[in-house]
Amino acid sequence: MKQLQLTTTLWDTMGVTSEIQQLGSDLISGKSKTALISGPPGSGKTWITRYIADSFAKSGGISFRGVGDEGEANRHLYTMLRVQAETTGYFSPLATLGKSVAKGAVHLASVGLIDGRGAIEAAEQYAARKKRSGLFLTEDEQSILFDIAKDAGERPVLLVADNLHWWDKGSLALLRSMLKGMASKAYPFIDTLRIIAVTTDDTYQRPVWCEEYEKHTLPLFGRAIQTRYFNKEELSEVAPSLGLPEQVTSQDREFIFDISGGHLSILTGACSFLAENGATLTSLRERDESRFIEDLFLERLRKIGALGGVSERLLIAASLVGNNALRDELECLLSDDCEQVGAAIEICRKLNFIDESEDQIEFRHDFIKKYFVSRLKDREIQLRKTFAECLRSLTPGDYIRRAENFMRFKNHKEASPLFVAAVTENLRNGRSWDDSICIEGLKQMRHFGYDDLAKDFSKAYQHLACGENIEASYIIEGLGQAYPSVILAEIEFIRSLIELNLRSNSRRQRLIVRLEGWTEHIDREFEQGLRLQIILRSALVLNRDKSKARAIDEKIVRSLSNRINFDKKAESLIHAIGRSAESLLLPDIAINRVRKAVKYHEPDAGLPPREPSEYFRCLNNLTALHIANGEYGRAVKEAGKAIELADCFEGMIFPRRDMVHTLDIMARFRMKSINVKSAIKMQTRVIENYGVASDPYYIKNHLAVYYCLNGDLQKGQTLFQRLREQLLEIGDPEPNPLYFVSANMCCAQYLAGENAQNCLCQWQELEVLVDNNPYEIRQMLQKRHKLIENTFKQGLRMSPVEWDVYSIQADHYPSSHCWQEIGRGFRMPDVQFWSMF
């Protein structure tokens with residue numbers, strides 16, 4: 001359709017010129033922060049926002065736009081993930097989002113795994129946000145705000161919320177948080193943000209999420225502008241602005257007005273058609289209205305020649321995808337014509353059927369999309385089957401979209417397991433299990449008996465997130481095995497998380513055997529298969545022989561590298577593997593990979609990080625490696641960044657904050673900026689405020705060491721004994737935590753006056769644990785073990801502080817600068833995110 005010109009003629013006739021101009025002025029000055037533009041479809045609402053956005057940009061600001069799509073209102077954050085920037089009066093994709101976000105093939109909350117109590121805390125905060133003005137930001141929400149902040153820079157921001165009545169629930173929630181000024185501490189642009197909502201009167205188009213839209217969102221907007229259709233008498237006034245030739249007869253004018261019903265986009269298209277075809281409808285007089293509309297859309301395509309047919313097929317395929325479609329999606333759907341898709345897109349753009357920028361196209365108006373939807377007819381089933389394969393390849397983790405595509409051609413058997421996968425994605429992100437799943441999807445889950453399964457998954461995740469691994473295991477083991485592979489993969493994922501968290505060697509070995517049977521699943525379901533392989537890697541790194549761990553590590557990186565050009569998460573996941581490098585390498589080597597991961601996530605000046613939780617993990621691990629390498633000042637600096645980051649994002653979940661606070665205290669103590677009494681007080685507060693009951697071994701071991709170094713050997717010994725008993729209750733605990741807890745207990749007993757021969761016997765029994773230690777520092781630990789063994793044999797007695805440094809001083813030719821930390825008499829191992837969580 002011909003683009004409406006930025007003229008006030010139409011507004012004058014509608015009677016809203018002064019309101020629009022005043023609103024534009026007030027938004028530029030900041031006097032107004034919000035506005036609501038409403039009216040029937042095709043009454044110029046988007047045109048008005050383009051005018052205001054253009055004026056806003058010329059005044060030095062920047063405008064972004066998110067467009068709701070009725071067919072995609074069940075996809076979490078669909079609208080916000082497709083936020084677009086306004087340039088010279090047209091909406092174009094935001095450069096930093098573009099195809100990568102739209103294609104976001106692999107969405108893994110916190111890189112796919114849950115963190116300690118993180119999921120349940122997230123769920124609780126998400127629910128609490130509805131009751132109060134609390135804040136919880138998911139990784140995707142952070143990414144959206146980051147991209148807006150990055151592109152905006154120092155400029156004021158205008159956000160256009162178009163088709164607000166069709167926004168998905170997640171996007172509405174994020175929009176509300178922005179309207180209320182939440183997260184402004186981390187994203188300062190929110191304080192001065194202006195927002196225009198564009199919505200259609202519910203007489204014509206009903207909102208998808210009625211309560212979220214009507215009750216919770218609309219009341220947050222201030223001033224309002226109402227648009228309307230023109231009547232027949234007003235057509236003559238606006239005809240020049242619409243491009244209607246003067247010679248068109250009054251009879252013809254009345255005819256096209258009756259066809260359009262006053263819809264501006266249809267009127268503009270009809271005027272364009274008449275201008276190109278002799279300004280008369282005589283040749284169409286005997287045709288019915290639908291035939292006229294068909295000619296209006298297709299006559300120009302027919303005149304193009306061979307590309308006209310491709311362009312028509314392109315528009316039909318795009319209408320199946322939705323109001324927005326990606327070039328790769330269209331090339332996949334039109335594989336026989338894929339080489340001509342680019343040319344066809346350009347033709348359709350010039351003919352004003354679509355807007356196009358980067359690799360994304362958008363129908364100029366919903367009625368254009370609906371017309372081509374009507375032409376799908378018998379082709380729809382085959383196209384949807386093809387589209388199912390396209391989605392499986394391009395966006396494997398978008399389970400709701402994939403499921404709804406199957407639903408639309410009545411393939412409920414394929415759709416229902418994908419809805420179950422969407423349930424588990426919700427749970428991993430701290431949302432309710434049924435969030436954003438359409439009513440028909442819930443019905444089909446009930447029909448196949450999957451609704452009870454979804455509730456069991458919800459209970460299992462809650463237990464797992466609280467560290468109640470055995471309770472979670474009871475639920476999962478009771479589910480049975482008579483499910484499609486998509487569901488079995490989700491069951492295996494939870495089962496594997498449980499067994500990985502139990503710190504049992506034997507269960508971990510059984511887990512490895514099972515997961516090795518799932519290695520090919522990544523070829524069928526990439527997102528699920530990747531999650532399972534990540535857990536397999538995490539299990540394999542705890543083997544003394546690292547060959548399999550290194551092989552799976554390399555395989556995962558290769559798989560992600562193949563997607564790095566279109567998958568936003570791929571590069572981040574590669575760095576997430578890199579930041580857990582000490583599980584496979586010595587600290588002085590691993591630190592280089594962790595530095596690269598930190599550099600990748602490091603924000604530009606004045607901006608928050610793109611993925612705050614993952615940046616937090618990277619900083620934690622870099623802190624730990626600086627400690628392991630004896631660089632305590634640098635460790636304090638990195639720990640400070642991580643702590644400040646977590647404090648900045650008030651209310652957001654950061655995994656295992658006990659770890660970075662523990663490292664911060666340890667580094668400060670090592671560099672003598674705090675004394676041991678202060679370390680005890682600080683470590684006690686860390687345990688009280690951040691401790692995870694199901695995994696206390698590292699954090700409480702540090703506290704027990706401080707007790708010993710303060711001369712409170714009995715306190716330290718008692719705490720070591722309690723930790724050791726907890727580990728032995730596992731049955732076959734991992735050797736590393738059992739070793740450092742048992743070794744420290746033995747040292748405390750000796751220093752407290754225990755018989756040297758008894759302590760020597762205990763110490764020698766621990767040798768097997770040192771030999772089985774899975775990390776690359778094993779040789780240094782073996783050397784340390786022998787040196788301390790000699791002190792028992794010689795019956796050397798000394799203070800706890802002297803004991804702590806005796807081993808590192810006794811070795812005059814250390815093989816690594818890591819020795820000054822790893823060789824100490826009391827082991828305080830650095831605490832890292834060893835695996836992906």
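- Taking the ring-ring contact (aromatic ring centres under 6.0 Å, His included) definition, one finds that W763 meets it with H785, F792, sequence neighbours left out.
- Exactly one residue among R657, R656, Q683 makes a side-chain hydrogen bond (donor to acceptor under 3.5 Å, both in side chains) with T662. That residue is Q683.
- The main-chain N or O of R824 is found under 3.5 Å from a side-chain atom of R784 such that the two form a donor-acceptor pair.
- Atoms CD and CD1, from E468 and I475 in turn, are 9.5 Å apart once rounded to the nearest 0.5 Å.
- Other residues, nucleotides and ligands contribute over 12 non-hydrogen atoms within 6.0 Å of the NZ atom of K555.
- In this structure, the separation between NZ on K677 and CG on N710 is 4.0 Å, given to the nearest 0.5 Å.
- By the 30° and 60° cut-offs, the orientation of the rings of Y600 relative to H575 is parallel.
- Rounding to the nearest 0.5 angstrom, the gap separating the CG atom in N736 from the CG atom in L727 is 10.5 Å.
- Within a 6.0 Å radius of CD in Q794, other residues, nucleotides and ligands contribute more than 12 heavy atoms.
- Checked against the 6.0 Å centroid criterion, the rings of Y632 and H626 do not qualify as a close aromatic pair.
- The environment of CD in Q764 is crowded: more than 12 heavy-atom neighbours from other residues, nucleotides or ligands sit within 6.0 Å.
- To the nearest 0.5 Å, atoms CG (L464) and CD1 (I470) are separated by 11.0 Å.
- One finds the CG atom of D712 at 12.5 Å from the CD atom of Q717 (value rounded to the nearest 0.5 Å).
- Without hydrogens or angle criteria, D545 side chain to S547 main chain gives a donor-acceptor distance under 3.5 Å.
- Salt bridge absent: K546 and E582 never bring a charged side-chain N and a carboxylate O closer than 4.0 Å.
- Between Y706 and F669, the distance from one ring center to the other falls under 6.0 angstrom.
- The environment of CZ in R503 is crowded: more than 12 heavy-atom neighbours from other residues, nucleotides or ligands sit within 6.0 Å.
- Each of N620, V636, T623 was compared with D664 under the side-chain contact (heavy atoms from CB on, under 4.5 Å) criterion, and only V636 meets it.
- Taking the ring axis of Y750 as reference, the NZ or CZ atom of R797 stays within 45° of it and closer than 6.0 Å to the ring centre.
- Looking at every heavy atom in both residues, A704 comes nearest to F720 through CB-CE2, 3.3 Å.
- Shown here are the ring-ring contact (aromatic ring centres under 6.0 Å, His included) partners of H521, two or more places apart in sequence or in another chain: W518.
- Of the charged side-chain nitrogens involved, at least one lies within less than 4.0 Å of a carboxylate oxygen, so that K793 and E789 count as a salt-bridged pair.
- Using a 4.0 Å cut-off between a side-chain N of Lys or Arg and a carboxylate O of Asp or Glu, R510 and E499 do not qualify as a salt bridge.
- With rounding to the nearest 0.5 angstrom, the CG atom of D658 is 10.5 Å from the CG atom of N689.
- Here the rule is side-chain hydrogen bond (donor to acceptor under 3.5 Å, both in side chains) with T424, and of E490, R531, Q528 only E490 fits it.
- Ion pair R670/E821 flagged as a salt bridge, since at least one NZ, NE, NH1 or NH2 atom sits closer than 4.0 Å to an Asp/Glu carboxylate oxygen.
- Surrounding CD of E725 are more than 12 heavy atoms belonging to other residues, nucleotides or ligands, all under 6.0 Å away.
- The shortest distance between side-chain heavy atoms of E611 and H601 falls below 4.5 Å.
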